[in-house]
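When a residue number appears, it is its place in the shown sequence, counting from 1. Because the structure is predicted, anything quoted here is derived from the model rather than measured. Only this structure's heavy atoms are used, side chains among them; waters, hydrogens and symmetry mates stay out.
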Amino acid sequence: MAPPLPKERGPGGEVRRLLTPALLLFSLSIAHAQTSRDSAEYTLRVAAKKTINNSTVDGKAGFSEYNYYPTRTIATLQGFAPAEVKLDKYGGRLDRRTKATGFFHVEKLNGRWWAVDPDGYYFLHNAPNDVQPGGSARTQQALKEKYGDRAGWMGATRKLFFANGFNGAGAWSATKDIQADNARADQPLAYTINLDFMSKYGEKRGGTYVQPGHKGYPNDVIFVFDPGFEEFAEQHARQLAQNKKDKNLFGYFSDNEMPLLRKNLDGYLRLPPSEPGYVAAKKWADERGITLETITDQNRQDFLAYAAERYFSIVAKAMKKYDPNHLYLGCRFHGAQRYYPELLRVAGKYLDVVSINYYNNWTPEKTWVRDWEQLAGKPFLVTEWYVKSEDAPGLANTAGAGWVVKTQADRGLFYQNFTLGLLESKNCVGWHWFKYQDNDPTLVGAEPSNTNANKGIVDNYLNPYQPLLDKMRELNFQMYHLADFFDQRPPQ
């Protein structure tokens, strides 16, 4: 662990930890040693610890020791001068325009991937997830006192987002409320919809179960080889027809955090012989002379690509049949999936954007944010990431993954550090912070990974965390200018 660092107060009152010459030597010796420019910019150190053994049903978890992490912010960028970029009603930049299609789409323009809004202006989708008020008694009482009803809450929340540089709503948001508010708003939120093809099929079929963060499947394998899945996908996609003319819809997720893993071949071959997944895997293995005892890592990678091909081809066909106008944003890869070239290559054939729930990295990995685009041939969207703070009253922070820091201001420093890495990649078309509101320990029956953690930009009384929002707003209103800055900056 790094020794304690001298401190100073930043202009927003946050504690900044300064890098002394001795600590510079320390930082250069650690595994993520930076280049000379990085060393000059990652001059802040923020104390953080990781959650381990997290999201267990009984709420128990442990934490790593605090360590100090190199951190870059707008203030430490060499040669960057903030500037205003005027925005259109969607939050797109009015100074850059390409062909308008009437819907959101993505293009690679002059070496950078952009989302493009319905009017043709370059756009980055910047949104919190789970934009809806919690169901606990205290949150519902706060909503009534502050906003009167859900319509009042939604209108005020949309204005809060735009005032802080957000322009959309991510996964699990209040779709009907957003649609109704957008219909009367001068600035509509670009929202997303989760379709849950596989998890809904699993509920109908039987055999799935609840586990922290996402749906569980027998032997950690999805039902993609079931003869009934393709028919279900066709039926399930019919609902998309009602949205196909909605200009405010950014795009769809087909599922969340499915176990598309390299151990899938083993898992399918260990299913009961009557299972369609076993039959399909056994046929695939027999054709290649493979048994459970002789499976190689290459076999596992090849089969993962085979299973993924089936899933994405079925779902994409059904989605585009009923709504050809909106983006297919993928199925929210998580964990090791972002390191599977075979999975990314297949996904890129069918997706418009690769969605990645990006945890356990303080700073985006430069190699991988480059390789995701090269492998898939498509841009990426970070669809979950967050940091929790110890200064949020009444929250133990044992639920969920990721980092814990000491203050809300430190959460804001993490936000800037991470988003700067995404913008620098030139391959990211947006990011979705998890999430709008904190987990509420008083809510009965909450999903195990969302019980007691400071993930929100507002607390359980719907009050914003101002030190966090101040840093978010500073970055958000510079995101287009920052993209230009990184585009013009010479490579190292």
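- Taking the six-membered ring for Trp and thresholds of 30 and 60 degrees, Phe229 and Tyr311 have nearly parallel ring planes, at less than 30 degrees apart.
- Inspection of the Asp130 and Gln132 side chains reveals an N or O donor paired with an N or O acceptor under 3.5 Å.
- For the pairing with Tyr415, the side-chain hydrogen bond (donor to acceptor under 3.5 Å, both in side chains) check across Asp410, Asn476, Thr73 returns one residue only, Asn476.
- Remark: side-chain polar atoms of Asp391 are paired, donor with acceptor, to backbone N or O of Gln408 under 3.5 angstrom.
- Taking the side chain as every heavy atom from C-beta outward, Leu482 and Leu77 approach each other to under 4.5 Å.
- For the pair Lys247 and Phe104, the tightest heavy-atom approach, listed with the atom from each and the gap, is O-CE1, 3.4 Å.
- Between Trp153 and Tyr436, the ring-plane angle classifies as perpendicular under the 30° and 60° cut-offs.
- Side-chain contact, Asn463 with Lys146: a donor N or O sits under 3.5 Å from an acceptor N or O.
- Using modelled atom types, one finds no donor on one side chain facing an acceptor on the other under 3.5 Å when comparing Arg96 with Asn110.
- Neither side chain, Asp484 nor Gln488, offers a donor N or O lying under 3.5 Å from an acceptor on the other.
- Side-chain contact annotation: Tyr328 with Ser254, donor-acceptor N/O pair under 3.5 Å present.
- In this model, no donor atom of one side chain and acceptor atom of the other lie less than 3.5 Å apart for Thr383 and Trp431.
- Each of Asp352, Leu240, Val315 was evaluated against Tyr252; a single residue qualifies, Leu240, per the side-chain contact (heavy atoms from CB on, under 4.5 Å) test.
- Residues Phe162 and Leu189 are in side-chain contact: their nearest non-hydrogen atoms beyond the backbone lie under 4.5 Å apart.
- A donor-acceptor pair under 3.5 Å links the side-chain atoms of His125 to the main chain of Ala190, judged by distance alone.
- Arg112 is linked by a side chain to side chain donor-acceptor pair (under 3.5 Å) to Asp487, counting only residues two or more places apart in sequence or in another chain.
- The ring of Tyr358 has its center no closer than 6.0 angstrom to the ring center of His334.
- Contact of the Leu462 side chain with the Tyr147 side chain is registered, since non-hydrogen atoms from C-beta on lie closer than 4.5 Å.
- A search for side chain to side chain donor-acceptor pair (under 3.5 Å) contacts involving Glu145 returns Gln141, not counting sequence neighbours.
- For the pair Lys455 and Phe434, the NZ or CZ position fails the cation-pi test of under 6.0 Å to the six-membered ring centre and within 45 degrees of the ring normal.
- Glu257 and Asn357 share a donor-acceptor pair across their side chains, judged by distance under 3.5 Å alone.
- Side chains of Glu234 and His236: a donor-acceptor N/O pair is absent below 3.5 angstrom, by distance only.
- Using a 4.5 Å heavy-atom threshold, the side chains of Trp114 and Val106 count as separate.
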Task: Derivation of the salt bridge (charged side-chain N to carboxylate O under 4.0 Å, His left out) call for Asp440 and Arg138 - done: CA-CA 9 Å; Asp440 193 335; Arg138 61 179 176 176; 2.8 Å; yes
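- Between Leu304 and Leu261, the closest side-chain pair of non-hydrogen atoms is not below 4.5 Å.
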What side-chain donor-acceptor pairs closer than 3.5 Å can you find for residues 194-204, not counting sequence neighbours?
| residue | atom | partner | partner atom | Å |
| --- | --- | --- | --- | --- |
| Asn194 | OD1 | Trp172 | N | 3.4 |
| Tyr201 | OH | Asp226 | OD2 | 2.8 |
| Glu203 | OE2 | Lys215 | NZ | 3.0 |

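- Using modelled atom types, one finds a donor on one side chain and an acceptor on the other under 3.5 Å when comparing Tyr322 with Arg238.
- Checked against the 6.0 Å centroid threshold, Tyr386 and Trp433 do not count as a close aromatic pair.
- With contacts defined as side-chain heavy-atom distances shorter than 4.5 Å, the pair Val46/Tyr69 does not qualify.
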